[in-house]
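See structure below.
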Protein chains: 4
Amino acid sequence: MARRSSDPARVREKILKLAMEEFARTGFDGARVDRIAERSKVSKNMLYYYFKSKEGLFVAALERMYEEVRDQQRELSVRAHDPILAMKQLVEHTFQALESNPNAIRLMNEENKQRGRFLRKSKRIRDLYNPLVETISFILERGRVEGVFRPGLDSAVVYMTLSSLCYHYLSNRYTLEIALGKDLASAASRKAWVEHVGNIVLLYCTAEVPSTTAAKTAVMRQRATSDADA
Amino acid sequence: MARRSSDPARVREKILKLAMEEFARTGFDGARVDRIAERSKVSKNMLYYYFKSKEGLFVAALERMYEEVRDQQRELSVRAHDPILAMKQLVEHTFQALESNPNAIRLMNEENKQRGRFLRKSKRIRDLYNPLVETISFILERGRVEGVFRPGLDSAVVYMTLSSLCYHYLSNRYTLEIALGKDLASAASRKAWVEHVGNIVLLYCTAEVPSTTAAKTAVMRQRATSDADA
Amino acid sequence: MARRSSDPARVREKILKLAMEEFARTGFDGARVDRIAERSKVSKNMLYYYFKSKEGLFVAALERMYEEVRDQQRELSVRAHDPILAMKQLVEHTFQALESNPNAIRLMNEENKQRGRFLRKSKRIRDLYNPLVETISFILERGRVEGVFRPGLDSAVVYMTLSSLCYHYLSNRYTLEIALGKDLASAASRKAWVEHVGNIVLLYCTAEVPSTTAAKTAVMRQRATSDADA
Amino acid sequence: MARRSSDPARVREKILKLAMEEFARTGFDGARVDRIAERSKVSKNMLYYYFKSKEGLFVAALERMYEEVRDQQRELSVRAHDPILAMKQLVEHTFQALESNPNAIRLMNEENKQRGRFLRKSKRIRDLYNPLVETISFILERGRVEGVFRPGLDSAVVYMTLSSLCYHYLSNRYTLEIALGKDLASAASRKAWVEHVGNIVLLYCTAEVPSTTAAKTAVMRQRATSDADA
DNA sequence: CATGAATGAGTGTTCATTCAT
DNA sequence: CATGAATGAACACTCATTCAT
């Protein structure tokens, strides 16, 4: 009913959404406050009223992004299945999450480019634990108990391994294509890579444990197929 | 006959060097033409005379960076040794090369952020083949012949695997540290990761080939040690 | 029936106090309405409710300042003593009043800078008579009757003389220090100046009246001492 | 012949002139860079090209003003005449200089309001000696030798006395008019004040020296006339 | 009386780029 | 080849003021 736009929380939200897009698309330096204001149909000063500065807006956008990622990973937890399947699904899910969230990748890259300077300003982000590592721990433990994974595996190492392989493919697509002369955007190419990542992670988790022969063989059979596609 | 001003090629070189630094440090949008001019002690007009525009300068800097990377990889070719050792050395060398060349990482990230927009403008870069993939092919072939690596391995996949794992650790250090709550900058941490990458790549190359037992066992022994460190 | 919020008059007062400070410190243009609101812990709207505009607030602050100055001068009236002593005390008091009231100086300067534009808007200020001039009249008259001051002295001229000499020393301290290369902030320097002003005013009031020899000699004795200090 | 405006020095000069006006009229905070740029018909960036910042421009304007004042006082030195006449002329000249230079007064006031913060930034200003004090020294010395002035006079005190009395009349005209209910702008009023200042300064210089009776009597005769006018 | 949210014109400053010499 | 001076659009940010509740 009011002439002025209704709900402050809604306005904040709209600004934040558009800010995430702008910052992801152009980086912190490339982002234009004017553009964010214009697109969110809010006058520039409101933007400063809510977020105090361009930096403040960026930090808020980062925080929101981290929350979204965490929530997404929380709801899609794959604790149910058998360890090997669970791990494969986890890889797939991680890849898909990153793929469907290009803004997250770009914001993280931006943050790394700035040497974590914005991260350091946000208590909220530091307190956002990553449920993925926990999920991995859970799967690793079950696998160990069931005798398909070897003992002594570090969930952090597994996390870094699979996320590096997923993230880099998506993040560095253009320079990889130059280096390899291949198209990485095709569905086939992506599918093959996800399978490759799953294989390699499982290989690492099952390696050298004698009784895993059956599992490993299954894994390798899949890999053989997918590698041929790539 | 010679003028006192240092010859044009040298000037170009100096500009390029400072431009690489500036672009790597601050990204394309954050980079300031004035700063590059000032630091290279060349008037701004010279900069435009040689490179036509900020974009032109960025492309030239990218080209130069790719050449340097290629040359570095060429001279350190590890074709000599036995396949398993060669692969391990290749991983180490790749990591070290990236680590000692943070500008290269940042420029590549920048280029990916811009969706390859500058890359596309440079014929020279597209023509720059990457000797690393060739080296990997060579090692894989020798490994296959010697019976330590399984057949059917794709050098591109191996390349992507090892470079993802090395690159991501260095490039995304800050967000990884947030996600894991660990310090990735320590020498111990880096060493453990390089060994982990070596292990995982070798695991992939030797997997499921029955006769590789000896090789695999050797690999795993090392891994056991390094994993304990991490 | 009473609301918990402190009564309007008190709020007005608080705002006014903080406004005087802000306007004195930074001038009209430098003053920030937000800052005044924040410091007086009153919402900006209240400020506009009470004073209508930034100008209105400034005028109110000016008025209040003039009232304070007048009240201060009223309560410290020195009508009691013998004329020469009274005049000396008046000078001292004037200097001290200005010195302890730097805001008054700055607000007056601001007002003069604006060519009296705000003064003209305030009937109240125009109606505020200055008791100082009256006091001077009183002292001059008594001095004339007692034969120590010469006749025909204009209280306005005496007022302007002594206030110029006191005011300027305090108001233009920084540029005077540049011009003279001296420190005017020291206690010794200030004391010497006040004595000098007293001497000069008395010299003017007693000049050339033959029978004043005694008074003049006394004055000069003091001057000799204080001039030596300066 | 050139399309772009001819002489850099001329451009700088034009900017400076307009800047002095703007700063004098509105003070530092009230001054608008845009306005200065527009009036001097120079694009805003040129202004920053030459003076680096609004502050830089203000400091430059202050410097220029001090130079002008010094030059003006230098050329009009009154060292020639007999001491009493010389002093009277000096007072008149000082008053006229300030009166014809309202920008100087306003810039000095501004500088004092800012507590000398700009002055401190300028080595040039600190090095600009004030020839006025020297002239006063000269006159005082001659007066002492001729026996019309008493010995032990401090040129700095005389300088402060006369400049306070001249400056304040002009600088604080509006608040003085309020305090006194008089018009200070009229020619008669100004003339009377200048004579008063002359009288008072001479009184101070000649006071209590027995043999000066003649001189003093002359002075007082003039004063009697002028005081009647006021 | 009192408040949080909103406005829009402006505020000092910077940028990549070009011109005349 | 080389330079100092110039451009103009943009940039992040701020201000006094007002509206709806």
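Proteins come first, then strands; the chains are lettered A, B, ... in the order of their sequence lines, and each starts at number 1.
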What is the pairing partner of F/dT21, taking Watson-Crick or G-U wobble pairs with both distances under 3.5 Å in any strand? E/dA2
Separation of F/dC11 atom P from A/Leu57 atom CG, nearest Å, is 15 Å
Nearest whole angstrom, please: distance from the C1' of E/dA16 to the NZ of B/Lys52. 15 Å
For a salt bridge (charged side-chain N to carboxylate O under 4.0 Å, His left out) check, start with the C-alpha distance between B/Glu55 and B/Lys121, then their side-chain angles and the critical distance, and finish with the verdict. CA-CA 10 Å; B/Glu55 286 209 4; B/Lys121 289 190 180 164; 2.4 Å; yes
C/Phe51 CZ to E/dA2 P, in whole Å, measures 13 Å
Between atom CZ of B/Arg120 and atom CD1 of A/Ile178, what is the distance when rounded to the nearest 0.5 Å? 9.0 Å
Is C/Tyr50 near enough to E/dC1 that one of its side-chain N or O atoms lies under 4.0 angstrom from OP1 or OP2? no
Residue matched to E/dG12 through Watson-Crick or wobble contacts both under 3.5 angstrom: F/dC11
Among E/dT17, F/dA6, F/dA16, which nucleotide has an atom closest to any side-chain atom of C/Lys54? F/dA16
Would B/Phe58 and B/Phe51 count as a close aromatic pair, with their ring centres under 6.0 Å? no
Atom CZ of B/Arg12 and atom P of F/dA2 are separated, to the nearest Å, by 13 Å
Quick check for you: to the nearest 0.5 Å, what is the distance between D/Tyr174 atom OH and C/Leu119 atom CG? 10.5 Å
Under a 4.0 Å heavy-atom cut-off, which of residues 22-49 of chain D touch DNA chain E? D/Ala31, D/Arg32, D/Val33, D/Lys44, D/Asn45, D/Tyr48
How many Å lie between CZ on D/Phe58 and P on E/dG12, as a whole number? 14 Å
Between D/Glu63 and D/Ser122: side-chain donor-acceptor atoms closer than 3.5 Å: yes
Using heavy-atom distances to pick each residue's nearest nucleotide on DNA chain E, tell me which of D/Glu55 and B/Ser53 is more 5'. D/Glu55
A/Glu110 bridged to A/Lys113 by N-O distance under 4.0 Å: yes
